[in-house]
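Written below as structure tokens is the structure these notes are about.
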Amino acid sequence: MTLLAKETICSLFTLKVAWKDLLYQVYFVGVKSQSVVLITGAFTGMVLGAQTFFQFHKVKMDTATLAVVSVSMCSELGPVLTGLMVAGRVGAAFAAEIGTMRVTEQIDALRTLATHPVDYLVVPRLLALHITLPLLTAEAIALGIAAGYIVGVYLLGIDPTYSWYNMLKYTNTSDVVVGLLKAFIFGGIVAVIGCYKGMTCGEGAERVGPATTEAVVYSSITILISNFFLTIVLGQIFHTL
């Protein structure tokens, strides 16, 4: 997997990118995943707002509810949940598509036509995820905060002025930057693992299913594990600036 990532990065610098395939992957990953990501972001913001209010109401800190929703969505829940949703939808599709190509010997056919499979298959998918996952994360963050605001103000009766003021006061630019950086890295994780599982799929159609399952599981676990280390490292970096 490391060798595939290294080869993909080297191919990026040679600019051997199939631009038509890149545009299609941006559409497939970005536009097609919007409904899943937006629903996830909205209802995460709503339930986070409600649960935070129930606890803060006990200590008369109702107006701090939206600040917690904002910081949590920007730096943690937004990028992580978006990455998990995209891993389940896109990572599985990458592994299944490339795995089917391997089983039917289409990847060998690419090599006989002097077309490098990494240039043709992996690079457009990696670039598409690097481009679209931060944008999807930004959408999920914005909608999650808006949904939390609506639940807090119109359903739970929190004062809208102080709630909005506290959100702006305690949400820093670094929270948004950390979330988008995480999304960028998660995009690379999903692309590399999905493509790797597809390209190393075993012989026979019955091996495509396990490869697809492994791509989703490994991507999800890697996102959750790397999120911890990214939180520690990026937190130290931005707090010392």
Side-chain angles (χ1 to χ4, degrees), residues 1-19 21-30 32-33 36 79-134 136-137 181-230:
M1 195 178 299
T2 305
L3 293 174
L4 176 63
K6 173 181 174 293
E7 195 170 353
T8 304
I9 293 171
C10 292
S11 296
L12 284 174
F13 289 107
T14 61
L15 297 178
K16 294 179 180 177
V17 181
W19 297 106
D21 292 333
L22 174 60
L23 289 175
Y24 172 76
Q25 294 300 332
V26 167
Y27 169 76
F28 175 73
V29 176
K32 292 281 191 176
S33 300
V36 176
V80 170
L81 292 178
T82 302
L84 292 176
M85 291 298 104
V86 171
R89 183 187 174 277
V90 175
F94 286 177
E97 185 178 356
I98 298 177
T100 303
M101 293 180 70
R102 173 174 169 79
V103 168
T104 56
E105 299 181 350
Q106 295 181 49
I107 294 179
D108 295 332
L110 287 174
R111 291 192 175 95
T112 62
L113 295 171
T115 301
H116 200 316
V118 172
D119 295 340
Y120 187 76
L121 297 175
V122 182
V123 172
R125 288 167 169 79
L126 178 66
L127 279 177
L129 272 163
H130 275 324
I131 292 169
T132 57
L133 201 56
L136 291 171
T137 300
L181 282 174
K182 285 182 178 180
F184 182 84
I185 295 170
F186 294 161
I189 290 172
V190 172
V192 171
I193 293 179
C195 293
Y196 173 78
K197 285 298 177 181
M199 296 188 77
T200 58
C201 176
E203 298 296 332
E206 69 277 0
R207 299 306 305 163
V208 176
T212 304
T213 304
E214 290 173 4
V216 176
V217 173
Y218 291 172
S219 297
S220 302
I221 292 175
T222 306
I223 286 172
L224 293 173
I225 294 173
S226 62
N227 178 61
F228 169 75
F229 295 102
L230 287 172

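This one's a predicted model, so the numbers in the text were calculated from it and none came from an experiment.
- The CG atom of Leu81 sits 10.0 Å away from atom OG1 of Thr137, with the distance rounded to the nearest 0.5 Å.
- Summarising the geometry of Gln25 relative to Pro124, their closest heavy-atom pair is CB-O, 4.0 Å, with the distance given to 0.1 Å.
- Annotation: side-chain hydrogen bond (donor to acceptor under 3.5 Å, both in side chains) contacts of Ser226 (sequence neighbours excluded): none.
- In this structure, Leu129 and Ile189 have side chains that are not in contact, with every pair of non-hydrogen atoms separated by 4.5 Å or more.
- How far OG1 of Thr82 is from CD1 of Ile223: 10.0 Å, rounded to the nearest 0.5 Å.
- When all heavy atoms of Phe184 and His130 are compared, the closest pair comes out as O-ND1, 3.0 Å.
- Tested against Arg125, the residues Val29, Val192, Ile98 include a single side-chain contact (heavy atoms from CB on, under 4.5 Å) partner, Ile98.
- Taking each heavy atom of Ala215 and Gly194 in turn, the nearest pair found is CB-CA, 4.1 Å.
- Separating the CG atom in Leu22 from the CD1 atom in Ile131 is a distance of 5.0 Å, to the nearest 0.5 Å.
- Taking CD from Glu97 and CG from Leu121, the interatomic distance works out to 8.0 Å, rounded to the nearest 0.5 Å.
- For the pair Leu136 and Met85, the minimum side-chain heavy-atom distance is 4.5 Å or more.
- The shortest heavy-atom contact between Ala183 and Pro134 is CB-CA, 3.8 Å.
- Annotation for Val90 and Ser33: closest pair CG2-OG, 3.7 Å, computed over non-hydrogen atoms.
- Within the 4.5 Å cutoff, the side chain of Val80 has no heavy atoms near those of the Lys182 side chain.
- Annotation: side chain of Val190 is not in contact with side chain of Phe94 (no heavy-atom distance under 4.5 Å).
- Taken from CZ in Phe28 to OG1 in Thr132, the straight-line distance is 10.5 Å, to the nearest 0.5 Å.
- Rounded to the nearest 0.5 angstrom, Ile193 CD1 and Ile221 CD1 are separated by 9.5 Å.
- What you find for Val216 and Ala87 is that their closest heavy atoms are CG2-O, 3.8 Å.
- Taking 4.5 Å as the limit, some side-chain heavy atom of Phe186 sits within range of a side-chain heavy atom of Leu230.
- The aromatic rings of Tyr24 and Tyr27 sit tilted, their planes meeting at an angle between 30° and 60°.
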